[in-house]
Amino acid sequence: MRHRLIVPGAVAASLLLAVPASAAEPAPGAPGVGDPYYPDYGNGGYDVSHYDLRLKYQPKSDALEGTATLLTTATQDLSRFNLDFALDVTEVRVGGKKAKFTTSGAHELEITPAKSLAKGERATVVVRYQGTPSKVEVNGFTSWLRTPDGGVAANEPEAAWWWFPSNDHPTDKAGYDVSVAVPDGTQAISNGTLQSQSSRAGWTRYNWRSPAPQATYLATLAVGKFDITQDKTDSGLPVINAYSKDLGEHAGAARASVERTGELTGWLEKYFGKYPFDAVGGYVPNTDTTYALETQTRPFYSPDDFSDGSNTSVVVHELAHQWYGDSVSLKGWKDIWINEGFARYSQWLWSEDQGEGTAQELADYAYASHPADDAFWKVEPGDPGAANQFHSAVYDRGAMAVQALRNKVGDKDFFAILKGWPKQHAGGNADVGDFVAYAEEVSGTSLNSLFDTWLYEPSKPDASAAGASADAAPNKPSSWKQIHSVDHPVTESR
């Protein structure tokens, strides 16, 4: 409670001057972090350091109930704050005390604690909730993927709203404990390592832990009937893979690809440095999706990724993201090139390694495939806009930019940049400008003109900028079809 003090004018003036800035009235946190692509994603006023999710899921009915415990720190004097969430909330506690809550906008849970939080104050936020994720639509769609034997959370740029409340923007990364109870005979897959598994009264609980900083869209959950394989890489890293038991004709090709995850992780370490997490793997649920996603430590693959046979290229792409996109995450969604341009380029390096087309040959073919009047060149990979965030230009023109960098600085400096960048920003966030500055620092070369040409000019670069052979009519590299068999989600409906 505030008390108003009445004093003579001169004394009052001196007292007012003595009031510290921290005594300002607490204010609500912003309902978004200010990302121009998605203004209402994420929230202001606090940071989350850890999510503890204790869930129960019934595959037959798609009913989910849970308790999310968030460890937060206020970044301002905070009277109220938001979480991004779309299911029904039954109770919220902040610091052990019941808090008032309501909803607003498309996915905002507004929480008013019993007592305002001071800047720097740590608070435990507990949210109890329930719902049927597949029946909940936000802005006309759901990111929850229903399968014949369960459900999956794997999408970009949003998936968390349908299974846990969060500060849903990559700039607020946190550690995770995910505990899921499912009917006996059903498995629950998530990020990181399986800490324990126990059964009681017809239910089996799986406890997963992913302690490294992780963006919310990279958290994943898959419930269904899986065949699970476990192994270790040559360096002792746990490899956990899972395949829906009803993949049918896709099962063999999926296994032949994803079971090479440990080998391919070691291969990528040659280019990107030591793998940044404590586990690796992948999973293939029986979804009707057509994309793969770099969910941290455990990439998601669609059965369709393997419709034409084994596809190690897509595995390389999603594993490359563990460095470029997961360990080093974007500052804003406009910086998506740092994720996708380099993941695509890793496929070009794999093609080169396999003798199926060099990176330069792939760059030449990509360049020649799009005439100057093609709308492809109107997309600027360095800031493509929300509607074009996963446009093929972000991938292919983005990878051409990486090849142009290689040609400019030479292999020695180029591969030093590839390996040094993930180490420089490990566990954090960075933007395109940060990368350009780092590449200039390592190479001692001015690169602004090169990146302006490839990332920010809405026109086809001159052939001279694309490499010596780019003005020819190149043959299609044999790896081209496999590389382009799968990309990320399309956001047109968003």
S.K.: Heavy atoms only: give me the nearest Tyr51-Asn167 pair and the separation to one decimal.
M.R.: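 For Tyr51 versus Asn167, the nearest heavy atoms are OH-N, 3.0 Å.
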S.K.: Within 45° of the axis and under 6.0 Å from the centre of the six-membered ring of Tyr243, does NZ or CZ of Arg255 qualify?
M.R.: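 The answer is yes, since Arg255 meets both limits relative to Tyr243.
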S.K.: Measuring from atom CD1 of Ile189 to atom CG of Leu194, what distance do you get when rounded to the nearest 0.5 angstrom?
M.R.: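 Ile189 atom CD1 to Leu194 atom CG measures 8.0 Å (nearest 0.5 Å).
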S.K.: Determine the interplanar angle of the Phe141 and Trp161 rings, folded into 0 to 90°, and report it as parallel if under 30°, tilted if 30 to 60°, perpendicular if over 60°.
M.R.: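 Ring orientation of Phe141 relative to Trp161: tilted.
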S.K.: Give a yes or no answer on whether the side chain of Asp431 reaches the backbone of Lys331 with a donor-acceptor pair at less than 3.5 Å.
M.R.: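 Flag not set: sc Asp431 to bb Lys331 has no pair under 3.5 Å.
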S.K.: Do the side-chain N and O atoms of Asn191 and Gln296 include a donor-acceptor pair separated by under 3.5 angstrom?
M.R.: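 Judged by distance alone, the side chains do not pair up.
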S.K.: Would you call Leu109 and Val89 a side-chain contact if the rule is heavy atoms closer than 4.5 Å?
M.R.: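 Yes, close enough: below the 4.5 Å cut-off.
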S.K.: Between the side chains of Asp396 and His484, is a donor N or O closer than 3.5 angstrom to an acceptor N or O?
M.R.: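 Side chains of Asp396 and His484: pair found under 3.5 Å.
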S.K.: If I take atom CD1 from residue Ile417 and atom NZ from residue Lys419, how far apart are they, to the nearest 0.5 angstrom?
M.R.: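 NZ of Lys419 is found 13.5 Å from CD1 of Ile417.
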S.K.: Does any pair with a residue in residues 29-56 pass salt bridge (charged side-chain N to carboxylate O under 4.0 Å, His left out), and if so which ones, sequence neighbours excluded?
M.R.: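 Salt bridge (charged side-chain N to carboxylate O under 4.0 Å, His left out) check on residues 29-56 returns no pairs.
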S.K.: Report yes if the side chains of Leu145 and Phe300 come closer than 4.5 Å at any heavy-atom pair, otherwise no.
M.R.: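 The answer is yes, as the side chains (C-beta and beyond) meet within the 4.5 Å cut-off.
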S.K.: Do Asn43 and Asp84 touch side chain to side chain, with heavy atoms closer than 4.5 Å?
M.R.: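 Heavy-atom side-chain distance check passes, below 4.5 Å.
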S.K.: Have Asp383 and Tyr37 got a donor and an acceptor in their side chains that come within less than 3.5 Å?
M.R.: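 Distance-only check passes for Asp383 and Tyr37.
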S.K.: When you measure from the side chain of Lys460 to the backbone N and O of His370, does any donor-acceptor pair fall under 3.5 Å?
M.R.: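 Looks like yes, one N/O pair under 3.5 Å.
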S.K.: Let me confirm one number: the OG-CD distance from Ser313 to Gln482, rounded to the nearest 0.5 Å.
M.R.: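 One finds 5.0 Å between OG of Ser313 and CD of Gln482.
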S.K.: Once you measure the plane-to-plane angle for Tyr41 and Tyr38, does it fall in the parallel (<30°), tilted (30-60°) or perpendicular (>60°) bin?
M.R.: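 Tyr41 and Tyr38: parallel rings.
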S.K.: Please check: side-chain N/O of Lys173 versus main-chain N/O of Ser327, any donor-acceptor pairing under 3.5 Å?
M.R.: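 Yes: the side chain of Lys173 pairs with the backbone of Ser327.
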